[in-house]
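What follows is a single structure, written as structure tokens, with notes after it.
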Amino acid sequence: MNESTPFPCLELHDVQVHFGKGRDSFHAIDETRLSMREGEFVSLIGHSGCGKSTLLNVFAGFIQPSHGHASLLGQPIRSPGPDRMMVFQNHSLLPWMSVRANVDMAAKAVFPGLPKTERRVLVAEQLEQVGLTAAADKLPGQISGGMKQRAGIARALITRPRVLLMDEPFGALDALTRGKLQDALLEIWEKNRITVVMVTHDVDEALLLSDRVVMMNNGPAATIGEILDIDLPRPRNRVDTVNHPLYYRYRNHLTGFLRAHRKTGPDPRNSMKSPDTLTLGFVPLSDAAPLLMARELGIFEEFGLKVELSREPSWRTVSKGVMSGRLDAAMMLAPTPLRHNLNPATTPELEFTASMVLSRNGNGITLHKKLMQLGVTDRESFAAFVKRLPPNRKPTLGVVFNASMHNLMLRDWLVNAGLDPEHDVKILVIPPPQLLANLEFGNILGFCAGEPWNSMAVQQGIGFVPATSLTHWSGHPEKVLGYLRSKADAAPETYEKLTAALLQATAYCDNPQNRIRLVETLSRRDAVNVPASVFRDSLFDRFDNGIDEAKPAPGFHAFPVGKAARPDPTAFHKILGELVHWNCCPAPADSADALARALDHATFDRAVSSRVSMPDLTEINPAETELECLHEA
Amino acid sequence: MATSSSSPKPLLRIWRYTTQRMLPPVVVIFLFLLIWQILCSRESAHLPTPTAVVSDTLELILNPFYNHGGNDVGMGWQIWASLKRVALGYSLAVVVGVSLGILIGISTWAMRGLDPIFQVLRTVPPLAWLPISLAGFQDNNPSAIFVIFITAIWPILINTSVGVLNIPSDYQNVSKVLRLNHWTYFSKIMLPAAAPYIFTGLRIGIGLSWLGIVAAEMLIGGVGIGFFIWDAWNSSLISDIVLALIYVGIVGYILDRIVATIGDRVAQATSA
């Protein structure tokens, strides 16, 4: 397109945004002006809560400015429309439709007159462009996070939008996938040259892709602080761009701006500090990492919280501690709040609720090594072994708690093996730290538990692991942040800040670059208290099952980032169904109500909304700080 | 050759299955019947023994589909009559409940207007509706169907509205950006997203309908398993009552399983 004759494609005219009315109103964006050329790639960057997503939503038409207006090619933007397609952070594909059907739905909605055969060709071409031809007929649940985001991009591009709006499109992906997708997006953009507005946290992502980077001041009443023209040659690729002499000058400029606008001075919202210290319970396991890292990195303090962690010997003491008020909140097993609330003995004041998912996956089924000599390597051979036993010698297996994913996973595995969990085996509840000793002395033949106990069993030569979360239900919610709902109702601000702090901690934990630091912290005496070498595979997306050698296991421990940490009603609905199926709790009269009571979406949504100050991740990333220091020196 | 070497295994499996799965219920039922038999064999007992039940009702058991005219028809026909009423009342409840549930879910105005009324009406016990519906319809059969309808509709309605209210905002944003027409939004997004919730309501609803029909038929008379029980009581045919209770339980269980199975299938297809 003729870029030499710039005419405004997207414009903001003195836009102001206020949320709410009266005393509670919040001034999100102050007078902001911006003008973009057709075919320009612009990134919005700034600390969380600076209103960059709000601006994007103004472009999209989801938010109407309180003053001023936004326009596309001179026409005021009044509502969302397909000329400004959005790529959502969490992809937002419809899970009941194949990738192809998702893309096709967009094409059909935007080109209603197009004959079916032509539309089919169009969809196929678009899927090929994003490299999804092979996965076109899979459901979103069957493909990886990176592929889902590709599908989201394909769905946006098929409508041939004037403007592509991207809200932290790669924010929820791991670093490797993020890099691949940035390259893919760069290639697609170089081909199509459409106007793009992208919100991002990531300085390097902004530099690689953008023509201009818009830096936003901190909210409330955020404005554009500075605009940086990125005069790097096009077409770009990662290696040439990073090695360009101007790259680190730009980079230092951006990080310098972000550091200068780091939250200083007390945030007015943090001044309403609760007088006493919060006590948080954790059970020594690998996925206690978000709590331990939040303490380690001082994240709780950044949110104006004083938090003490309490190391708990079992899940039973966690539940009792939260009920008695000894613990203000705790890392809980995902099914615990649901089952606890459905217990007829639980009064409304003692009901649990969970605001966020702290971790996904990470479980495994470990069997005693001696079974391997008897030819057991998987569930089928285990079933055959059990059926050979005389009826009076039922094998005993351990789980860590009744209301646990481990219990549900073990039962499901047994059923799939053709065994009856109620009759063919005996299932005992044993606290996690005691599992290994029980296995070693032959009190149990196997167990289903979280890390590091499966890896420990393998490394000590006591057991082997025929199944993990990844083979069972990949991405299942594993641990949640649970507390008494009555307490959160009394002090909503505190629990909102606690959730926001732990959201930052999960994002830190999920970043592969930080995993070494996780190992250091987890192995300490006041944490899990096991040798650091135990984590050598599982925290680095590999897993050694003790049957053959260690293999890649991407997402073996997943700490959900941003909106991915919102407790998903669909997954918890499934958990509820399984709990009822296995008689772990009575069937609720109204399952929707049971879910609503056990999942504190209100607190989560407030924690992620722009109203809570969320210091930028780059500030606590040691690898990156080191890099910056190097370049400043 | 292959069959001869592998044949002991299936046999063994059948033997295991029989001893481990079939044996416990058979033993328990046998013990239960035995205790019942002993307790009711005394002179002073008011209830028949199991053997008496079987001998008294042998004709009913062996010939479920006889028709001697009037109320005097076989158990099969009695249950069939009740099932027809339930089918009609429940289908009406599904159609109206799902439609109203969707309306409440999408319209804040409708929700504010209708919710208080529904919250009060849903606590009214099913049978309390019978007199007013008899007064309104002036006829037994529509009244019974109405009672089923009004019993089953609340869980369906409330679960549907919750399902619609819980459609993730991301999906709504997708539909806004694409400017999907109402029909596409309804069929491609709203129904699949709310389906697991709707089926939870349907399952509770079918259970309640079956609870309601027996009670309602006791009062309205005519052919139907409920009136059969009442009639048996009036004629002091206690054995017939016992037999009817067994049939009622089995049919209720089957209805529940049918809806639960469909619901599980749908939930699997709409969650990924």
Side-chain angles (χ1 to χ4, degrees), chain A residues 57 60-62 79-86 88-97 101-102 105-110 112 138-143 152 155-156 159 161 165 387 391 418 420 423-424 563 566 568-571 573-574 576-577 587-593 595-596 601 605, chain B residues 9 12-13 15-17 19-21 23-24 122 154-155 158-181 184-185 187-201 203-204 207-208 256 260 263-264 266-272:
Chain A
N57 282 327
F62 287 128
S79 63
D83 47 359
R84 286 153 286 124
M85 274 303 283
M86 186 89 148
F88 299 90
Q89 178 177 7
N90 60 348
H91 64 78
S92 297
L93 299 170
L94 302 176
W96 44 85
M97 286 187 194
N102 266 286
M105 185 178 77
K108 195 176 171 187
V110 178
K138 294 211 165 120
L139 292 174
Q142 300 166 329
I143 59 178
R155 181 177 62 185
T159 66
L165 303 170
K387 285 176 182 157
D420 180 353
H423 302 105
D424 294 340
K563 287 176 190 160
R566 193 173 198 266
D568 27 350
T570 322
H573 194 263
K574 181 168 169 183
L576 176 60
D590 183 348
S591 62
D593 178 57
L595 286 171
H601 285 144
D605 292 341
Chain B
K9 273 191 176 172
L12 205 65
R13 207 177 300 151
W15 168 243
R16 274 232 175 87
Y17 187 85
T19 52
Q20 292 175 2
R21 302 287 176 83
L23 206 58
R122 80 187 175 104
W154 307 116
I158 289 165
N159 277 282
T160 304
S161 67
V162 170
V164 172
L165 281 171
N166 275 342
I167 296 174
S169 58
D170 289 320
Y171 300 162
Q172 296 176 18
N173 285 343
V174 168
S175 87
K176 281 184 200 157
V177 171
L178 291 173
R179 295 198 176 137
L180 293 184
N181 58 42
T184 313
Y185 178 69
S187 62
K188 294 281 170 67
I189 294 184
M190 187 190 288
L191 271 191
Y197 293 90
I198 295 176
F199 273 91
T200 305
R203 190 169 166 196
I204 302 172
L208 289 180
D256 181 69
D264 286 349
V266 171
Q268 258 173 21
T270 55
S271 69

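These numbers come from the heavy atoms of this one structure, side chains and all, not from hydrogens, waters or symmetry mates. Remember, it's a predicted structure, so these values are computed and weren't measured experimentally. A note on names: the letters A, B, ... follow the listed sequences, proteins ahead of strands, and every chain is numbered from 1.
- Side-chain atoms of A:W96 never come within 3.5 Å of backbone atoms of A:L139 as a donor-acceptor pair (strictly under, hydrogens ignored).
- Contact tally against chain B (heavy-atom pairs below 4.5 Å) for A:R566, A:H423, A:R155: the top residue is A:R155.
- Of the listed residues (B:T184, B:N173, B:N159), the greatest number of heavy-atom pairs within a distance under 4.5 Å of chain A belongs to B:N173.
- Using a 4.5 Å heavy-atom cutoff, the side chains of A:M86 and A:F62 are in contact.
- Under the 3.5 Å distance criterion, the side-chain polar atoms of A:R84 are matched with a main-chain donor or acceptor of A:A60.
- With a threshold of 4.5 angstrom between heavy atoms, B:I189 approaches chain A through its backbone and through its side chain.
- For chain B, the option among A:L595, A:V110, A:D424, A:D420 with the highest count of heavy-atom pairs below 4.5 Å is A:D420.
- Of the two parts of B:A193, the backbone and the side chain both hold a non-hydrogen atom closer than 4.5 Å to a non-hydrogen atom of chain A.
- Neither the backbone nor the side chain of B:N166 comes within less than 4.5 Å of any heavy atom in chain A.
- Within the 4.5 angstrom heavy-atom criterion, no atom of B:P155 approaches chain A.
- For A:K387, the parts sitting under 4.5 Å from any heavy atom of chain B are the backbone and the side chain alike.
- Distance alone, capped at 3.5 Å, places no donor-acceptor pair between the A:S591 side chain and the A:P588 backbone.
- Residues satisfying the side chain to side chain donor-acceptor pair (under 3.5 Å) test with A:S92, not counting sequence neighbours, are A:N90.
- Ranked by heavy-atom pairs under 4.5 Å with chain A, the list B:T200, B:L180, B:I204, B:V174 is led by B:V174.
- Looking at A:D593, neither its backbone nor its side chain comes within 4.5 Å of chain B, counting heavy atoms on both sides.
- The two residues B:A194 and B:G163 come nearest to each other via the heavy atoms CB-C, 3.8 Å.
- Both the backbone and the side chain of B:L178 have a heavy atom closer than 4.5 Å to some heavy atom of chain A.
- Contact annotation for B:V162: only side-chain heavy atoms (C-beta onward) come within less than 4.5 Å of a heavy atom of chain A.
- For A:K138, the NZ atom counts as loosely surrounded, since its 6.0 Å shell holds 12 or fewer non-hydrogen atoms of other residues, nucleotides or ligands.
- A tilted orientation is assigned to the rings of B:Y197 and A:H573, their planes being inclined by 30° to 60°.
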